[in-house]
Amino acid sequence: MRPTSTIFRANYPPSLCWSSNRRSVLAVACSSGSPLRSQSHLPGLAPPQYSTTAPIQPNASTSGPVVFNRYVKKLQRDRASGVDSNVEKSRQADYLKDEVAERVVDRLLDIKRRFGNVLDLGSGAGHIVKCLTPELVQRLTMLDSSEKILNRDAELSTKVPVTRVLGDEESLLEHFPESSFDAVLSNMSLHWVNDLPGALIQARKVLKPDCAFIGAILGNDTLYELRTSLQLAETERKGGIAAHVSPMTDVRDMASLLQRAGFTLTTVDVDEIVISYPSMFELLEDLQQMGENNAILNRAPLSRDVLLSAASIYKAVYGNEDGSIPATFDVIYMIGWSPDPSQPKPKERGSATVSLKNTLENNS
């Protein structure tokens, strides 16, 4: 059974009570939320043309099918920074990424060494740097495709020296030479890249030998309640469905992807974080403030009646007893090491000198 953490999302500003235990239960008092306002679009949602009319600018280094519009994702992350509107409101939506960053760094602490130069791949505003100490990391390089989110908290002090680099996660080698870093960390960013195997290969190449990559991405069970509610509502109102929740990677594929990228000693595990919201609209608003709203190519806008219907279905099917609704975030953690001759390796096939059959028979 998967470990599950629970968060209750309150009206802003939420009072967060985190625990250092990576399997802890997280609690924040939940309130009823604000009523629906009669405006041209629903509360917290941008007009649909924001994401549907943006030009497609796929990265030249991306190979294979293009699923996400990276230009749209950059615009969404620019807006999520709050630099042009409300930075404090943007920071209030950091709770999920801050918690996952803490769990990523918790895994880094399991490696008994001090890291000289560490890369934060898809850093956002700097969720990982909040958890680092000089005893663990000497300096951190933050890379993100959105200049506004990258520099949102640049004026805040950090415990370790930070270098900020504007760049795309899909073109890592254009910014750094091979064998540059003692560790590469990634916190809830790589589920938006079009070429995940290629991004992992580049992450392995910028690592020095026998150094670790530790990442966290959202898995395919993320927001299944929202996905199902939207599909049922759209089928009822439109007679068909479109993709409104981005496709995610299955946990069963991650170990194979890490090995395909050239990593050794791979480890994959999963957490489920369940957050309670007053209604579906607060969930959508927070996703927008996180920069985690949909960026699929040619996505279809949602009409008001479909959203209202989906909100009713969501509460009726998945609602909690206190009137709130749960949202599940399926977080996949992955660890892989860059190859080195000093690492333990399996023996060659047929090289065994002891018969397992005889050993079991003698012990029986």
Side-chain angles (χ1 to χ4, degrees), residues 1-9 22-27 67-68 73 93 95-104 106-107 122 127 186-194 196-197 199-200 214-235 241-258 266-277 279-288 290-296 299 302 310-311 313-320 324-336:
M1 185 175 181
R2 292 180 178 180
T4 302
S5 300
T6 303
I7 306 172
F8 295 96
R9 185 272 202 191
R22 77 168 62 155
R23 300 292 183 257
S24 61
V25 176
L26 313 174
V67 179
F68 304 112
K73 179 50 57 183
Y95 54 89
L96 178 60
K97 291 187 177 181
D98 283 349
E99 172 61 19
V100 176
E102 184 178 319
R103 301 185 186 197
V104 169
D106 193 20
R107 286 159 171 80
H127 309 281
S186 181
N187 177 39
M188 291 182 63
S189 171
L190 291 180
H191 52 271
W192 290 116
V193 302
N194 286 302
L196 182 55
L200 292 174
I214 305 177
I217 65 172
L218 294 178
N220 67 340
D221 284 340
T222 295
L223 299 177
Y224 72 88
E225 305 98 336
L226 177 63
R227 181 187 296 110
T228 302
S229 300
L230 288 172
Q231 289 175 347
L232 291 173
E234 201 164 27
T235 300
I241 62 174
H244 299 292
V245 177
S246 301
M248 305 291 179
T249 305
D250 193 290
V251 63
R252 293 170 293 186
D253 298 330
M254 283 312 307
S256 299
L257 287 173
L258 288 171
T266 57
T267 305
V268 177
D269 66 296
V270 184
D271 277 351
E272 280 187 356
I273 299 178
V274 180
I275 306 176
S276 290
Y277 294 86
S279 75
M280 187 187 80
F281 302 111
E282 282 79 11
L283 166 61
L284 296 177
E285 181 182 0
D286 275 16
L287 290 175
Q288 191 175 77
M290 295 176 194
E292 293 296 322
N293 37 334
N294 190 7
I296 298 175
R299 68 166 226 178
L302 283 165
I313 292 171
Y314 202 136
K315 182 159 289 191
V317 176
Y318 300 107
N320 299 320
S324 62
I325 54 105
T328 300
F329 293 87
D330 188 43
V331 185
I332 302 174
Y333 300 92
M334 47 189 170
I335 303 175

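Please read these numbers as outputs of a predicted model, since none were measured by experiment. In what follows, every heavy atom counts, from backbone to side chain, and hydrogens, waters and symmetry copies are set aside.
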Query raised in the report: Do any N or O atoms from the side chain of Tyr318 and from the backbone of Ile313 form a donor-acceptor pair under 3.5 angstrom?
Result: no
Query raised in the report: For the atom pair OG (Ser186) and CD1 (Ile214), what is the distance rounded to the nearest 0.5 Å?
Result: 11.0 Å
Query - Nearest non-hydrogen partners of Ser276 and Ser324, listed with the distance - result: CB-OG, 3.9 Å
Report task. Take Met188 and Leu96, measure what side chain to side chain contact (heavy atoms under 4.5 Å, CB included) needs, and give me the verdict at the end. Result -> CA-CA 10 Å; Met188 291 182 63; Leu96 178 60; 3.8 Å; yes
**Report entry** Pair Val100-Tyr333, side chain to side chain contact (heavy atoms under 4.5 Å, CB included): steps then yes or no
**Finding:** CA-CA 9 Å; Val100 176; Tyr333 300 92; 4.0 Å; yes
Query raised in the report: Which atoms form the tightest heavy-atom contact between Leu257 and Pro197, and what is the distance?
Result: CD2-CG, 3.7 Å
**Report entry** Beyond-backbone contact of Met334 with Thr266, side-chain heavy atoms, under 4.5 angstrom
**Finding:** no
Report summary line: Tightest non-hydrogen contact, residues Ala255 and Val268, listed as N-CG2, 3.8 Å
Query raised in the report: So, do Glu285 and Gln288 sit near enough that their side-chain heavy atoms are less than 4.5 Å apart?
Result: no
**Report entry** Flag side-chain contact, heavy atom, 4.5 Å: Arg103 against Ile273
**Finding:** yes
Report task. Quick one: pull up CD1 in Ile332 and CZ in Arg252 and give me the separation to the nearest 0.5 Å. Result -> 10.5 Å
Query raised in the report: What do the steps show when you test Arg107 against Asp269 for side chain to side chain contact (heavy atoms under 4.5 Å, CB included), and what is the final call?
Result: CA-CA 11 Å; Arg107 286 159 171 80; Asp269 66 296; 2.6 Å; yes
Query raised in the report: Which atom pair, heavy atoms only, marks the closest approach of Ile325 to Gly319?
Result: CG2-CA, 4.2 Å
Query raised in the report: Relative to each other, are the rings of Trp192 and Phe68 parallel, tilted or perpendicular (30° and 60° limits)?
Result: perpendicular
Query raised in the report: Is there a side-chain contact between Leu223 and Phe329 (heavy atoms, below 4.5 Å)?
Result: yes
Query raised in the report: Name the one of Leu218, Leu190, Leu196, Asn220 that satisfies side chain to side chain contact (heavy atoms under 4.5 Å, CB included) with Thr249?
Result: Leu196
Report task. Assess the side chains of Asp330 and Tyr224: does a donor N or O sit below 3.5 Å from an acceptor N or O? Result -> no
Query raised in the report: Is there a donor-acceptor pair closer than 3.5 Å between any side-chain N or O of Thr222 and the backbone N or O of Gly219?
Result: yes
Requested in this report: To the nearest 0.5 Å, tell me how far Glu102 CD sits from Asn187 CG.
Outcome: 11.0 Å
Report task. Say whether, by atom type as modelled, one donor and one acceptor occur between the side chain of Lys73 and the main chain of Asn293 under 3.5 angstrom. Result -> yes
Requested in this report: Could you tell me the separation between the CD atom of Glu234 and the OG atom of Ser229, rounded to the nearest 0.5 Å?
Outcome: 12.5 Å
Report task. Step by step, work out the side chain to side chain contact (heavy atoms under 4.5 Å, CB included) result for Asp221 and Thr328. Result -> CA-CA 8 Å; Asp221 284 340; Thr328 300; 5.6 Å; no
Query raised in the report: Can you tell me how far the CG atom of Asp253 sits from the CE atom of Met248, to the nearest 0.5 Å?
Result: 14.5 Å
Query raised in the report: Can Thr228 and Gln231 be counted as having a side-chain donor-acceptor contact under 3.5 angstrom?
Result: no
**Report entry** Spacing of Leu226 atom CG and Leu284 atom CG [to the nearest 0.5 Å]
**Finding:** 6.0 Å
